[in-house]
Structures are given as C-alpha cells and as structure tokens.
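Following: one structure in structure tokens, then a few remarks.
Computed from heavy atoms alone, side chains included, the values below leave out hydrogens, waters and symmetry copies. Chain letters run A, B, ... following the sequence lines, proteins first, then strands; residues in each count from 1.
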Number of protein chains: 2
Amino acid sequence: MLSKNTEQPFGSGTDVMSRTIEPRETYDDRLNHILEAATRVIARDGYEKATMRAVAKAADVSLAGIYHYFESKERLLFLIQFRAFNSLLNNLKEKLYGVEDPVKQLRLMVRSHVSYFAANMPALKVCSHELESLSGPAYEELRHIRHEYYEQTRNIVDRIALKCEPTNKIECHVATMCLFGMLNWLYRWYNPSAGRSPHGLANLISEQFLTGLLGQSGMPNGEEEATDTPS
Amino acid sequence: MLSKNTEQPFGSGTDVMSRTIEPRETYDDRLNHILEAATRVIARDGYEKATMRAVAKAADVSLAGIYHYFESKERLLFLIQFRAFNSLLNNLKEKLYGVEDPVKQLRLMVRSHVSYFAANMPALKVCSHELESLSGPAYEELRHIRHEYYEQTRNIVDRIALKCEPTNKIECHVATMCLFGMLNWLYRWYNPSAGRSPHGLANLISEQFLTGLLGQSGMPNGEEEATDTPS
DNA sequence: GATATTCGATCGAACGTACGTTCGGATATA
DNA sequence: TATATCCGAACGTACGTTCGATCGAATATC
C-alpha cells in the first residue's frame with residue numbers, strides 16, 4: 001500500500017540511466033553507504049568539525065575514494081539534507097492523503113515527523129542543526145523544500161484555526177513555528193531507544209499543541225501590562 | 001529596584017582582584033568589547049567557521065591582541081555562554097521572587113526569556129546553537145548551569161501539573177522540553193525588530209503552552225492505536 | 001578462444017591554503 | 001626602569017581537494 005522508501009532517505013536517489021547491463025549492486029549502493037556514514041559523522045561532530053578523513057574512515061574507503069562519488073564536502077551535506085527533507089515531505093503527503101479533518105491531519109503530521117526522526121536520528125539532526133551551513137543555489141533549493149513542508153503544516157494550522165470562533169484570532173505563524181520548535185528540538189533530548197515510543201511521544205506533543213491551540217478562549221491573561229503587538 | 005545587569009550578559013564577569021590602582025576604564029571594558037564582537041561573529045558564522053581573524057576585525061584589534069584577554073578560542077565561547085546562561089538564570093530568579101502561583105510564574109519565565117532573547121539575540125543564538133561545541137570541564141560547567149535553568153522551569157511545570165486533577169497524568173519532562181523547544185527555536189525565525197513585541201510573543205507562547213498543559217482533559221485522542229509508552 | 005584495449009573504481013601521496021596560536025619587539029604609561 | 005598593552009610576522013598543523021598510478025573486469029580485435 002505504501003511505497004517502499006517511506007522511511008529511508010537513502011533509497012535510490014538520482015536516476016541511473018544509459019547502463020546497458022545492470023551493475024549488480026554497486027554504484028548506488030556504494031554511494032548510499034558513504035552517504036550514510038557521512039550522515040553519522042556530521043550528526044556527531046557538526047558539519048564544520050567533521051572531516052572528510054573521518055567520513056572516509058567511517059565508510060571504510062580511502063579519502064580520495066569519496067571524491068569518486070561526491071564532488072565536494074558541500075555536496076555531501078546537500079544530498080543528506082535534500083533526501084531527508086524530501087522523504088519527510090513525501091511521507092507527510094502520503095499520510096494526509098484522503099484525510100479531511102485538520103485535527104486528524106495534525107496528529108498524523110506530528111506522528112509522521114516523530115516516527116521519521118526516531119528511524120533516522122542522524123539525518124534529522126543534520127537537518128535541524130545545519131540549516132545555515134550551505135549557501136548559494138544549494139541553500140535556496142533546500143529552503144524551497146523546507147518551505148513546502150512549512151506550508152503543508154501551516155495549512156493544517158490555518159484550517160484548525162478556522163474551526164474556532166472567528167473572534168478568537170489565532171496567530172497561525174507563531175503557532176506553526178512553536179510546533180516546529182518542539183519537533184526540531186527533539187534531537188537535543190529525545191532518545192527513542194530509551195523507553196518512550198515515537199507514537200507515545202507524538203501523542204503527547206499533538207495534545208499539547210492542539211489543546212493549546214483550540215483551548216485559547218478564556219484568556220486568563222491577568223497580568224500587569226497586556227500591551228503588545230504594536231506592529 | 002532591579003540590579004543593573006539584568007539584561008546584559010557582559011557586565012563585570014569574573015572578579016578582577018589585586019589591582020592596586022584602578023586602570024580608569026580599560027581592561028574590563030576592552031575585554032567586554034572583544035567578547036561582544038566575538039558573540040556577533042560566532043552567532044553569524046557558527047563557532048567552527050568563525051575565525052579569530054574575523055573576531056579581531058570585528059573588534060578592531062589585532063589577531064594577537066585578542067590573546068592578551070583570552071587564552072584561546074574555546075575560552076571565548078565558554079565565556080559567552082557562561083555569562084548568558086548566568087544572566088538568564090539570575091533574571092529568572094529575580095522575576096520569580098515573591099510570586100507563588102505557578103501559572104503566573106510560568107508566564108514570567110517565558111516573558112523573561114523572550115525579553116532577554118530580544119535584547120541579546122547573538123548571545124542566545126550562540127547558547128542555543130553551540131551547546132555541543134565545547135567539551136571537558138568547560139562543557140560540564142555549562143551543563144550544570146543549564147541544568148539549573150531547566151530545574152527552575154521544570155519545578156514550575158510540576159506545580160502546575162499538581163493543580164490539575166491527579167487523574168490527569170501529565171508528562172512534565174516532555175512538557176518542559178516542548179517549552180524549551182519553542183523558546184530555543186526562536187533564533188531561527190523571530191526578529192524582534194520586525195514588528196512583534198517580545199511581550200506580545202511571550203504572551204502567545206505562554207497561552208499556547210499553558211492551555212495545552214492545563215486543558216488536557218477530554219483527550220479527544222480518537223485514532224487507531226493509542227498504544228504507547230511501554231517503558 | 002586468446003590477446004589487446006578501454007574504462008570505472010580505488011588508493012597513496014601530495015599540494016596549497018587557512019587556521020589557532022606563539023614569539024619578540026614596539027609603544028606608552030607611571 | 002618596569003610593566004601593561006598591543007601588534008606584525010611567523011610557526012606548525014590539519015584541512016579539502018587533486019594527481020597519477022594500479023587493479024580488475026568488461027569490451028573489442030584478431
């Protein structure tokens with residue numbers, strides 16, 4: 001029912017054409033192998049501190065051998081982030097397909113994100129932490145995918161807000177960024193192999209967020225100055 | 001009423017002793033000047049990518065001149081984080097003093113944090129983004145302060161949870177980390193000089209969090225499996 | 001079928017550079 | 001003279017990347 005690469009960012013990336021006879025299992029497998037090693041090293045050390053020599057050792061290839069598959073260190077980082085964001089986005093669209101209720105959609109979005117995180121911690125850590133490590137066209141291309149992921153989520157939040165009384169003006173951008181804050185901060189503290197299941201955590205986050213969003217009515221904001229938002 | 005260094009992390013840090021005659025206004029001012037420049041550069045480029053030469057240029061001193069005030073690049077990062085975390089913690093304790101209601105305390109905590117962020121964006125970005133750039137004793141010392149900040153907040157969350165029906169088992173650690181996620185992610189998107197006031201944003205975050213925490217009652221969790229937390 | 005040729009995959013070794021840090025001296029203040 | 005402040009110049013190193021060669025298997029030639 002679901003396509004196979006739902007939770008693996010390293011499944012058959014660029015199309016391999018014009019190859020008369022299939023090379024058994026070599027080029028793409030080798031490329032993915034190195035990319036996975038690089039993901040672990042960059043997640044562990046950070047992009048700038050991670051060295052190509054460390055990646056080579058982790059992938060068990062020579063230093064020069066890496067450059068047969070990747071033209072530069074920047075290209076490595078780009079591919080890691082590009083594939084992870086694409087998987088994240090495709091997973092989301094797949095899960096949302098056919099569901100209409102925005103509240104259910106939000107629960108699915110959070111569950112999808114947390115599950116993907118649990119299955120690909122190094123990749124998502126690199127995505128969360130190295131957002132500004134690239135520049136130029138590569139950065140712009142990643143920003144475009146990220147924006148699409150944001151738009152998908154923002155759209156859900158917007159439709160949830162519509163279900164509330166229109167008198168209750170919800171700040172959807174702020175709410176969406178709060179949600180992304182909760183999710184993108186996971187890599188700092190959540191260890192899926194330490195007991196709590198991804199689905200359990202996803203439920204907690206969903207309820208925390210949804211109740212906070214929907215329940216804003218009484219506004220028990222009793223404080224000194226409630227002055228604000230002079231924009 | 002409030003002490004003077006409430007919102008400035010660079011106010012007279014380590015004690016300067018054994019100075020028979022006061023050097024007018026030189027050593028500490030100069031040190032702070034370089035430290036502020038370093039904060040801006042590291043916030044902009046990231047710790048590993050930021051060079052001592054760039055710090056020197058930003059502070060308008062020579063490269064070697066920096067080493068008259070700081071023994072190493074690591075020491076620079078340590079001091080930036082140490083001072084910011086201490087200011088954050090002292091601000092919090094000051095604001096909470098005399099307040100008993102944990103809900104009010106949480107609102108004050110969020111407001112204090114967001115205000116500090118708005119007034120010291122580079123420093124807090126360095127605190128949020130470079131949490132793992134140090135190691136050894138320096139890292140441990142910072143971890144200790146951070147843990148104290150966490151404990152203060154966690155304590156508030158615990159007492160809010162107690163006010164709910166005890167039947168409503170709130171996961172306080174998860175809730176606290178969600179809150180820190182929202183706050184620590186601010187540096188990725190919030191620009192205080194682009195319209196929205198820190199107090200306004202703090203109110204939105206407080207309500208989002210508090211309502212989400214307190215309002216969890218009906219648990220409209222209607223989904224397939226509500227299995228979880230097998231720990 | 002045997003030999004020659006091509007080509008992708010791989011590696012050891014090196015290149016050039018940019019970095020953190022240090023050194024010795026210069027300048028100014030007391 | 002003694003000391004604090006500051007700097008130009010250099011040192012040693014570690015990094016990303018490149019080069020040239022080797023190996024082996026597929027392909028072409030006879």
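- If you check the side chains of B:His68 and B:Tyr27, you find no donor sitting under 3.5 Å from an acceptor.
- Side chains of A:Tyr69 and A:Leu35 form no contact here, defined as non-hydrogen atoms less than 4.5 Å apart.
- Spacing between atom CD1 of B:Ile42 and atom C1' of C:dG20 amounts to 13 Å, rounded to whole angstrom units.
- For A:Lys73, counting side-chain heavy atoms from C-beta on, the closest listed nucleotide (D:dT17, C:dT10, D:dC6) is D:dT17.
- Side chains of B:Arg83 and B:Asn120: a donor-acceptor N/O pair is absent below 3.5 angstrom, by distance only.
- Taking the side chain of A:Tyr67 as heavy atoms from C-beta on, and the options D:dG8, C:dG12, D:dT17, the nearest nucleotide is D:dT17.
- Atom OH of B:Tyr27 and atom P of D:dC6 are 10 Å apart (whole Å).
- Checking the phosphate oxygens (OP1, OP2) of C:dT10, a side-chain nitrogen or oxygen of A:Arg30 falls inside 4.0 Å.
- Distance from the side chain of A:Val61 is smallest to C:dC11 among C:dA14, C:dC11, C:dT21.
- Taking atom CZ of A:Arg53 as the reference point, atom C1' of C:dC15 lies 11 Å away to the nearest angstrom.
- The A:His68 side chain lies nearest to C:dG8 when the options are C:dC19, C:dG8, C:dA14.
- Across all strands shown, A:Ala50 has heavy atoms under 4.0 Å from sugar-phosphate atoms exclusively, and none from any base.
- Between atom OH of residue A:Tyr47 and atom CD1 of residue A:Ile80 there is a gap of 9.0 Å, rounded to the nearest 0.5 Å.
- In this structure, B:Asp45 places its CG atom 10 Å from P of C:dC19, rounding to the nearest Å.
- The residue among B:Leu63 and A:Ala64 whose nearest nucleotide of DNA chain C is located toward the 5' end is A:Ala64.
- For B:Arg143 and B:Glu140, the salt-bridge test passes: some basic side-chain N is under 4.0 Å from an acidic carboxylate O.
- As rounded to whole Å, 14 Å separates atom C1' of C:dT10 from atom NE2 of A:His33.
- Both B:Tyr69 and A:Lys49 lie near DNA chain D, and the one whose nearest nucleotide falls closer to the 5' end is B:Tyr69.
- One can place CG of B:Asp60 at 15 Å from C1' of D:dT5, the figure rounded to the nearest angstrom.
- Regarding A:Glu71, its CD atom lies at a distance of 9 Å from the P atom of D:dT17, rounded to whole Å.
- Computed from coordinates, the A:Met52 CE to D:dA14 P distance equals 18 Å when rounded to whole Å.
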